[in-house]
Amino acid sequence: MDPLSIISHFRLEGKPIMAIPFGNGHINDSYRVKVDAPGNPGYLLQRVNHEVFKDVPGLMENIRKVTEHLRSRSLGTEVLTIIPTKKGELFIEKEDQYWRVFEFIEGARSLDKAENAGQSYEAGRAFGMFLENLEDLPVEELKVTIPDFHNMSRRLEQFRESMEKAISSRIGPASDEISFVNGYAEEMEQIYLKAKELPLRITHNDTKFNNLLLDRHGNVRAVIDLDTVMPGYVFYDVGDSIRTGAIAADEDEQDLNLVKIDDGIYEAFFNGYLDAAGMKLTHEELLSLPKAGAYMAFIMGVRFLTDYMSEDVYYKTKYPEHNLVRARCQLYVCKLLLEKAKEHGSGF
Ligand code: ADP
Ligand code: GN1
Ligand code: MG
């Protein structure tokens, strides 16, 4: 369906004049929509990936609750604003495709990794505040939008199932990555089993660095991509930011010599997160944090590898080996972050 015909169903100010594909997300299709109303920054139209998110009404209801709750707090950041349809719905369904609209936050950037420690501190603080500000929204109020999203046991099971069905031309080039996953599977699963004792809180669950909008001074304008906000553990959020924000390379870097931890950025993220939310965390939660980045890098490596074996059905890819390259990089990131956690003598 044409985005411009879809957008006409929403309650906009002005007349839409163009819809341009936008952003670097791997899941949804996003368009920046410009309108002819003077001074209006326009809108972000998204086709929600219904293969990934089976319950779009539940997901949109989650976002409504979370954004309303955040708006009622005194925040330093902006909150996503849902634009309803002309009939007052949170989304529209046309030909089994689901569309929604947010106000466009203008003059902000999303970066794939932090450029300096200042940005990283602010990112940590923003995600910490996100946790803190949602503390009094009961966890049970939110639907689980993707079951077992960061469940290591389930992700490893899916990986093994994909291996059974994979064609040999996909298994051959991935032999090193398959060995790495098999070698670390038990250690990583143990972390998950221990995590199940931790308090279940409302977490974002997709805190990669480009799910923040920053202003030109490196301050956070908004936490975005709220599709996976649901019950989770704090170390998921800390880990996903660390594996993306604190590595001096892209998530899909092909030259592993360029993949390094930036210690200043790494420490700054923890400082920011703990300054905002540290007082709320239990002793066990604090103990879980040093290995968080390694855990999340490993689970992403497993998921990218699973998708490579399944011939790229989940993530958007730019070339045939893209998922393998992503998996290779993330498993390497896992190795680096695990070494760092062990240096610090992580007790989790
Ligand atoms: P995906 O699930 O595909 O990652 P996101 O919700 O993260 O989708 O959106 C994709 C990109 O669009 C973001 O990385 C960001 O650059 C941009 N974006 C998302 N929401 C807004 C918004 N309200 N205003 C401006 N840019 C946005
Ligand atoms: C996806 O939607 P996006 O691009 O922010 C994925 C995350 C992965 C990430 C890897 C719903 O995030 O879990 O960490 O790609 N989101 C979903 O880059 O699967
Ligand atoms: Mg995103």
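Both counts, for ligands and for their atoms, begin at 1 and track the order of listing.
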Any N, O or S atom of Asn211 closer than 2.8 Å to the Mg ion (ligand 3): yes
Atom CE of Met1 with >12 non-hydrogen neighbours under 6.0 angstrom: yes
Shortest protein heavy-atom distance from atom 13 (C) of ligand 1, along with the residue and atom involved: Ile224 CD1, 3.6 Å
Lys/Arg-Asp/Glu bridge criterion (N-O < 4.0 Å) met for Lys316, Asp29: yes
Matching residue for Ile224 among Leu212, Asp206, Leu80 - test: side chain to side chain contact (heavy atoms under 4.5 Å, CB included): Leu80
For atom 3 (P) of ligand 2, the option (of Ile299, Asn24, Asn210, Asp206) bearing the nearest heavy atom: Asp206
Contact check, Arg243 vs ligand 2, heavy-atom distance below 4.0 Å: yes
For atom 16 (O) of ligand 1, the protein heavy atom that lies nearest, with its residue and separation: Ser110 OG, 2.8 Å
Contact partition for Asn211 relative to ligand 2, non-hydrogen atoms under 4.0 Å: side chain
Heavy-atom nearest neighbour in the protein, as seen from atom 15 (O) of ligand 2, with distance rounded to 0.1 Å: His26 CD2, 3.4 Å
Candidate list Arg243, Arg326, Gln330, test side chain to side chain donor-acceptor pair (under 3.5 Å), partner Glu251, passing option: Arg243
Arg328 bridged to Glu253 by N-O distance under 4.0 Å: no
Pick from Asn28, Leu44, Ile105: the one approaching atom 27 (C) of ligand 1 most closely through a non-hydrogen atom: Leu44
Lys/Arg-Asp/Glu bridge criterion (N-O < 4.0 Å) met for Glu157, Arg154: yes
Interfacing atoms of ligand 1 (cut-off 4.0 Å, heavy-atom, Ile27): 3 (O)
Atoms of ligand 2, numbered as shown, that sit under 4.0 Å from any heavy atom of Lys208: 3 (P), 4 (O), 5 (O), 9 (C), 10 (C), 12 (O), 15 (O), 18 (O)
Asp225, N/O/S atom nearest the Mg ion (ligand 3): OD2
Close-contact set for ligand 2 against Gly25 heavy atoms, below 4.0 Å: 4 (O)
For atom 1 (C) of ligand 2, the protein heavy atom that lies nearest, with its residue and separation: Ile27 CG1, 3.7 Å
Proximal ligand 2 atoms for Asp225, defined as those under 4.0 Å from one of its heavy atoms: 2 (O), 3 (P), 5 (O)
For Tyr314, the ligand 2 atoms whose distance to one of its heavy atoms is below 4.0 Å: 11 (C), 17 (C), 19 (O)
Any side-chain donor near an acceptor of the partner, Asp136 and His69, under 3.5 Å: yes
For Gly25, the ligand 1 atoms whose distance to one of its heavy atoms is below 4.0 Å: 1 (P), 3 (O), 4 (O)
Ligand 1-proximal atoms of Gln46, by part, heavy-atom distance under 4.0 Å: side chain
Residue portion contacting ligand 1 (non-hydrogen atoms closer than 4.0 Å) for Leu80: side chain
Lys342 bridged to Glu187 by N-O distance under 4.0 Å: yes
Nearest protein heavy atom with distance in Å, relative to atom 10 (C) of ligand 1: Ser30 OG, 3.7 Å
Polar proximity ligand 1 side, Asp225 side, N/O cut 3.5 Å exclusive: yes
Pair Tyr233-Ser288, side-chain contact (heavy atoms from CB on, under 4.5 Å): steps then yes or no: CA-CA 10 Å; Tyr233 304 117; Ser288 74; over 6 Å; no
Presence of salt bridge, Lys113 and Asp250, under 4.0 angstrom: yes
Region of Phe304 that comes within reach of ligand 2 [heavy atoms, distance under 4.0 Å]: side chain
Taking atom 11 (C) of ligand 1 as the reference point, the nearest protein heavy atom with its distance: Gly23 CA, 3.9 Å
Winner among Met296, Glu251, His150, Arg303 once heavy atoms are compared against atom 10 (C) of ligand 2: Glu251
Ligand-residue contact atoms, ligand 2 with Tyr315, heavy atoms, under 4.0 Å: 15 (O)
Nearest-contact summary for atom 12 (O) of ligand 1 - protein heavy atom, Å: Phe22 CD2, 3.8 Å
Atom indices of ligand 2 within 4.0 angstrom of Met300 heavy atoms, with elements: 8 (C), 14 (O)
Salt-bridge contact Arg170-Glu311 (side-chain N to carboxylate O under 4.0 Å): no
Close approach of Arg326 to ligand 2, heavy atoms, under 4.0 angstrom: no
CA sep, side-chain torsions, deciding dist, call: Met309, Ile178, side-chain contact (heavy atoms from CB on, under 4.5 Å): CA-CA 10 Å; Met309 293 303 155; Ile178 296 167; 3.8 Å; yes
NZ/NE/NH1/NH2 to OD/OE distance under 4.0 Å, Asp263 and Lys340: yes
Basic-acidic side-chain contact under 4.0 Å: Arg160, Glu164: no
Atom indices of ligand 2, in the order listed, that fall short of 4.0 Å to a heavy atom of Phe53: 11 (C)
Evaluation steps, side chain to side chain donor-acceptor pair (under 3.5 Å), between His204 and Asn211: CA-CA 10 Å; His204 182 288; Asn211 284 329; 5.4 Å; no
Distance from atom 23 (N) of ligand 1 to nearest protein heavy atom, with residue and atom: Glu103 O, 3.1 Å
Per-atom contacts, ligand 1 versus Phe104 - under 4.0 Å to a heavy atom: 24 (N), 25 (C), 26 (N)
Test: Arg32 cationic atom under 6.0 Å from Phe104 six-membered ring centre, within 45° of axis: yes
Interatomic distance, Asn323 atom CG to Leu305 atom CG [nearest 0.5 angstrom]: 9.0 Å
Under 3.5 Å: N/O of Asn211 near N/O of ligand 1: yes
Shortest protein heavy-atom distance from atom 14 (O) of ligand 1, along with the residue and atom involved: Asn210 O, 3.3 Å
Residues Arg100 and Asp227 bridged, charged N to O under 4.0 Å: yes
Salt-bridge present (Arg73, Glu132; N to O < 4.0 Å): no
Proximity flag Arg32 to ligand 1, non-hydrogen atoms under 4.0 Å: no
